[in-house]
Amino acid sequence: QVQLVESGGGLVQAGGSLRLSCAASERTIGRYPTGWFRQTPGKEREFVAAISVTGGSTFYADPVKGRFTISRDNAKNTVYLQMNSLKPEDTAVYFCAAGSRTTSPLDYYYWGQGTQVTVSS
């Protein structure tokens with residue numbers, strides 16, 4: 001199985017930046033397209049960004065376009081989400097997922113446990 005571990009979450013003021021990392025053991029992450037999702041209390045898990053196996057293709061949800069950047073370093077078995085110009089509405093638990101690059105969480109096979117991102121006003 002593919003084991004994913006997110007890190008890099010925390011508390012940041014509005015307008016600040018964070019970089020999330022999604023790491024896997026060995027070189028397994030490089031075998032799959034990967035996405036980021038987020039979830040807040042009372043809401044369904046929503047798509048944030050996705051990236052192809054080689055990193056040549058990316059896709060973003062409208063609310064984060066121009067502010068977030070997804071990237072990957074397969075040599076380090078890691079996928080990143082650089083988050084700039086953070087807003088309070090970005091507050092959520094962020095999940096890394098592998099196995100697809102669609103916008104639906106139902107299309108992904110592997111998930112991390114999530115990392116909390118809190119943006120204060």
Side-chain angles (χ1 to χ4, degrees):
Q1 295 184 351
V2 177
Q3 303 293 326
L4 306 176
V5 180
E6 303 97 334
S7 62
L11 175 64
V12 64
Q13 293 184 338
S17 299
L18 287 173
R19 188 180 73 164
L20 305 184
S21 298
C22 174
S25 298
E26 300 179 355
R27 302 182 70 85
T28 55
I29 197 69
R31 298 164 53 191
Y32 303 93
T34 308
W36 286 94
F37 292 78
R38 64 188 183 186
Q39 188 168 26
T40 57
K43 298 179 63 178
E44 296 182 354
R45 192 166 298 184
E46 65 177 350
F47 172 79
V48 176
I51 189 168
S52 61
V53 171
T54 63
S57 180
T58 58
F59 182 71
Y60 299 92
D62 287 341
V64 307
K65 287 181 179 178
R67 300 188 297 118
F68 290 10
T69 302
I70 187 171
S71 62
R72 68 191 307 154
D73 186 344
N74 289 341
K76 296 183 177 180
N77 304 315
T78 304
V79 176
Y80 304 96
L81 184 68
Q82 178 67 46
M83 305 184 295
N84 299 325
S85 301
L86 283 163
K87 305 174 181 179
E89 52 262 44
D90 294 319
T91 295
V93 176
Y94 283 72
F95 297 89
C96 178
S100 182
R101 57 186 180 95
T102 73
T103 62
S104 173
L106 299 177
D107 295 333
Y108 291 77
Y109 294 102
Y110 307 105
W111 293 86
Q113 296 302 304
T115 185
Q116 177 70 45
V117 172
T118 302
V119 184
S120 62
S121 60

Task: Distance, nearest 0.5 Å, that separates CG of Leu81 from OG1 of Thr115 - done: 11.0 Å
Short side-chain to backbone donor-acceptor contact, [X] and [Y], under 3.5 Å:
X	Y	result
Thr102	Ser100	no
Tyr32	Ala97	no
Asn74	Val53	yes
Gln113	Glu6	no

- [ ] Hydrophobic side-chain clustering at under 4.5 Å (ILVMFWY, transitive links): who's grouped with Leu11? Put none if nobody.
- [x] none
TODO: May I ask you to say whether Lys65 pairs ionically with Asp62, meaning some side-chain N is under 4.0 Å from a carboxylate O?
DONE: yes
Are side-chain heavy atoms of [X] and [Y] found at a separation under 4.5 Å?
X	Y	result
Arg45	Trp111	yes
Thr91	Thr40	no
Arg38	Pro63	yes
Ser57	Arg101	yes
Arg31	Val2	no
Arg72	Thr34	yes

TODO: Could you walk me through whether Phe37 and Tyr108 pass the ring-ring contact (aromatic ring centres under 6.0 Å, His included) test, one step at a time?
DONE: CA-CA 11 Å; Phe37 292 78; Tyr108 291 77; 5.0 Å; yes
Open item on the list: For residues Leu20 and Val5: do they belong to one hydrophobic cluster (side chain heavy atoms under 4.5 Å, members Ile, Leu, Val, Met, Phe, Trp, Tyr)?
Closed with: no
Open item on the list: Hydrophobic clusters here meaning ILVMFWY residues chained together by side-chain heavy-atom distances under 4.5 Å, can you tell me if Phe59 and Trp36 are in one?
Closed with: no
Open item on the list: Met83 vs Val117, test: side chain to side chain contact (heavy atoms under 4.5 Å, CB included). Steps then yes/no.
Closed with: CA-CA 10 Å; Met83 305 184 295; Val117 172; 3.8 Å; yes
Task: All pairs passing ring pair (Phe, Tyr, Trp, His ring centres under 6.0 Å) where residues 65-98 contributes a residue, at least two apart - done: none
